[in-house]
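Here is the structure we will look at.
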Amino acid sequence: MDITIIGAGFSGTLTAVHLVRARSDIRVTLVERSGRFGPGLAYSTPDPSHLLNVPAGNMSAFDDQPSHFLDWARSADPSIHTGSFVRRSLYGEYIRSVLDAARSAHPDRIRLCHDEALRGRWDNGSWHVELRSGEALTSAALVLALGNTPPQPPPGADVRVFGHAGYVSNPWNVERLRAIDAGASVLLIGAGLTMVDAVLTLRDRGHTGPMTAISRHGVAPRTHRSPSKPPVGRRPPEALDRWDGSALGMLRILRAAVADGAAAGADWREAVNSIRTITPQLWSRMAETERSRFLRRLRSYWEVVRHRAAPEIGALIADLMAARRLKIRPARLESLAPAGAKLEARFRPRGSEQVQRMIVDAAINCLGPDTDLSRSADPLTRQLLDSGIVRTDALRLGLLADPEGRPLGADGRPVPGMIIVGPWRRAQHWEATAVPELRKQTLRAAGLLAGPSR
Ligand SMILES: Cc1cc2nc3c(=O)[nH]c(=O)nc-3n(C[C@H](O)[C@H](O)[C@H](O)COP(=O)(O)OP(=O)(O)OC[C@H]3O[C@@H](n4cnc5c(N)ncnc54)[C@H](O)[C@@H]3O)c2cc1C
């Protein structure tokens, strides 16, 4: 049985590993356009300041071997412990080592194909995938593991900005960030973890110019506890049994859980952590109008408390802010346009009707991965959407799919032989981004494709 997997970040790589372990007659072709097999976008960064935002003890690639990553990391550096936040590039090496181990254990069953998939077509009981090189792959099943997409264009951006030397559209291009003049004034659009990464890259390269981040709420990401502690395993709040499924109701329950916890000496993070494993069930209990309300009104607050930075990263950002080298302003960007060699940003500070103006040497788009695939310019995504093979969900979080990740086609039925793994499954689960969720998802997807073990 031949299976094609497109995308070799964490999701595609682990699905390949589980597939060859599941059945001895499965052969996988893993297609990756970057030529880097294993790390994907998150763990390819060469910047040593870019740390995991999950403690090492919870980053095993395998659900049934919780210390797998920790043991691997400690064999090279015994000072690493369960609460360490290690370099993301080290984690990329780990995923590559997991892939290499599977290839050695199952020789000739995982082919690494450095190429870009451009088109996919289901015909005569098989998937046919065209690659940029001209090669065509035929397989019984197709796994889409296309992962994190580039940020959406900033609101109000003049089209001329996209070709401007001062504008950085891809915040994960570390070399591009390092090429920004050290004394340049820099606008960071967005104030989440992507902004944090960009600021650290500039700082390490000796940036001296002023850095201003703007986001609607102007809230910097929260940090993990220091020293890091393993999650307490607190039970979800009992009030959830009586929850009415509304976004506001959820907010009230979580606030009460934080307050009750605080009265008993517990950290607010425990309340947030307590609903992590049941988030998909909670999400499924919300009607679309409530999900939409959550996305409009609460999403940015949720992201801030849920996706936390390593404590040492939080300290660096706090130092930069205290030294007034970095400002985070609550404001809405109204427009961004070239002003000769510089860029002019117009923005409205939160709570004010007055538009302010700022001239900067560089602007970096830190809006984070765009979940609205209908805006994608990626050839494969375009072809799959335009030909109606797959569809985006109404809230534009990913693709419409059944609970197992089989995308739903135009007729509302699962697309034959296709499965999605990774962040594109956000529409069904909401929580489908980080390794603790993806390691479960990839194992299940492989089990589904392989069927009963032979
Ligand atoms: C900057 C960043 C940091 C993160 N840090 C953490 C963390 O510390 N801990 C954590 O648990 N999670 C973290 N995450 C979440 C992260 O999304 C997951 O951990 C995981 O890396 C997602 O892997 P993926 O394979 O689904 O996607 P990706 O890593 O995005 O991989 C998708 C791959 O598909 C390839 N691809 C796409 N289209 C094609 C095509 N047409 N043909 C061929 N190849 C293609 C891309 O080149 C890419 O390599 C982070 C995310 C980001 C963006």
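The residues of the chain are indexed from 1 along the displayed sequence. Order of appearance sets the numbers: ligands from 1, and atoms from 1 within every ligand.
- Residues Thr45 and Arg88 bring no donor and acceptor atom of their side chains to less than 3.5 Å of each other.
- For the pair Glu175 and Arg178, the salt-bridge criterion is met [side-chain N within less than 4.0 Å of a carboxylate O].
- Protein heavy atom nearest atom 40 (C) of ligand 1, with residue, atom name and distance: Ile6 CG2, 3.7 Å.
- Counting the atoms of ligand 1 from 1 in the order shown, those under 4.0 Å from a heavy atom of Val31 are 43 (C), 44 (N).
- Counting the atoms of ligand 1 from 1 in the order shown, those under 4.0 Å from a heavy atom of Leu438 are 18 (C), 20 (C), 22 (C).
- Of the protein's heavy atoms, Tyr43 OH, 3.3 Å lies nearest to atom 10 (C) of ligand 1.
- Selection from Ala117, Gly92, Ala8, Gly422 by nearest heavy atom to atom 42 (N) of ligand 1 gives Ala117.
- Residue contacts with ligand 1, taken as heavy atom pairs separated by less than 4.0 Å, do not involve Val421 at all.
- The closest approach between Thr194 and ligand 1 stays at or above 4.0 Å for every heavy atom of the residue.
- The ligand atoms of ligand 1 that sit less than 4.0 angstrom from a heavy atom of Pro423 are 26 (O).
- With respect to atom 47 (O) of ligand 1, the closest heavy atom belonging to the protein is Glu32 OE2, 2.6 Å.
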Check against side chain to side chain donor-acceptor pair (under 3.5 Å), Trp72 and Ser97:
CA-CA 9 Å; Trp72 179 90; Ser97 79; 3.2 Å; yes

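- Between Asp2 and Arg27 there is a salt bridge, with a side-chain nitrogen of the basic residue lying less than 4.0 Å from a carboxylate oxygen of the acidic one.
- Scanning the protein for heavy atoms near atom 18 (C) of ligand 1, the closest one is Thr433 O, 3.0 Å.
- The protein heavy atom nearest to atom 43 (C) of ligand 1 is Arg33 N, 3.3 Å.
- Checked for salt-bridge contact, Arg33 and Asp378 meet the test: a charged N lies under 4.0 Å from a carboxylate O.
- Closest to atom 9 (N) of ligand 1 by heavy atom, among Thr381, Val435, Asn53, is Asn53.
- At a threshold of 4.0 Å, the pair Arg291-Asp393 does not count as salt-bridged, since none of the basic side-chain nitrogens sits closer than that to a carboxylate oxygen.
- Within ligand 1, the atoms closer than 4.0 Å to a non-hydrogen atom of Gly147 are 26 (O), 27 (O), 28 (P), 30 (O), 32 (C), numbered from 1 in the order shown.
- Heavy-atom proximity to Ala145, at under 4.0 Å, picks out these atoms of ligand 1: 32 (C), 33 (C), 34 (O).
- For ligand 1, the atoms sitting less than 4.0 Å from at least one non-hydrogen atom of Val54 are 9 (N), 10 (C), 11 (O), numbered in the order shown with element in parentheses.
- Taking a cutoff of 4.0 Å between a charged side-chain nitrogen and a carboxylate oxygen, Glu270 and Arg225 qualify as a salt bridge.
- Ring geometry for His18 versus Phe62: interplanar angle over 60°, hence perpendicular rather than tilted (30 to 60°).
- With a 4.0 Å cut-off on non-hydrogen atoms, His50 does not touch ligand 1 at all.
- Residue, atom and distance of the protein heavy atom nearest to atom 34 (O) of ligand 1 are Gly7 CA, 3.2 Å.
- Numbered from 1 in the order shown, with element, the atoms of ligand 1 that lie under 4.0 Å from a heavy atom of Leu52 read 8 (O).
- The part of Met59 lying near ligand 1 is the side chain, judged by heavy-atom distances below 4.0 Å.
- Annotation: side chain of Glu437 is not in contact with side chain of His429 (no heavy-atom distance under 4.5 Å).
- Taking the six-membered ring for Trp and thresholds of 30 and 60 degrees, Tyr91 and Phe10 have nearly parallel ring planes, at less than 30 degrees apart.
- Among all protein heavy atoms, the one lying closest to atom 25 (O) of ligand 1 is Ser11 N, 2.9 Å.
- With a 4.0 Å cut-off on non-hydrogen atoms, Tyr91 does not touch ligand 1 at all.
- Residue contact check: Ala42 has heavy atoms under 4.0 Å from atoms 2 (C), 3 (C), 4 (C), 21 (O), 50 (C), 51 (C), 52 (C) of ligand 1.
- The shortest distance between side-chain heavy atoms of Val435 and Val54 does not fall below 4.5 Å.
- Atom 31 (O) of ligand 1 has as its closest protein heavy atom Gly9 CA, 3.6 Å.
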Side chain to side chain donor-acceptor pair (under 3.5 Å) between His114 and Ser133, intermediate numbers included
CA-CA 9 Å; His114 177 188; Ser133 63; over 6 Å; no

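- Seen from the ring of Phe69, Arg439 does not count as a face-on cation partner, given the 6.0 Å and 45° thresholds.
- In this structure, Glu130 does not pair ionically with Arg121, as no charged nitrogen and carboxylate oxygen lie closer than 4.0 Å.
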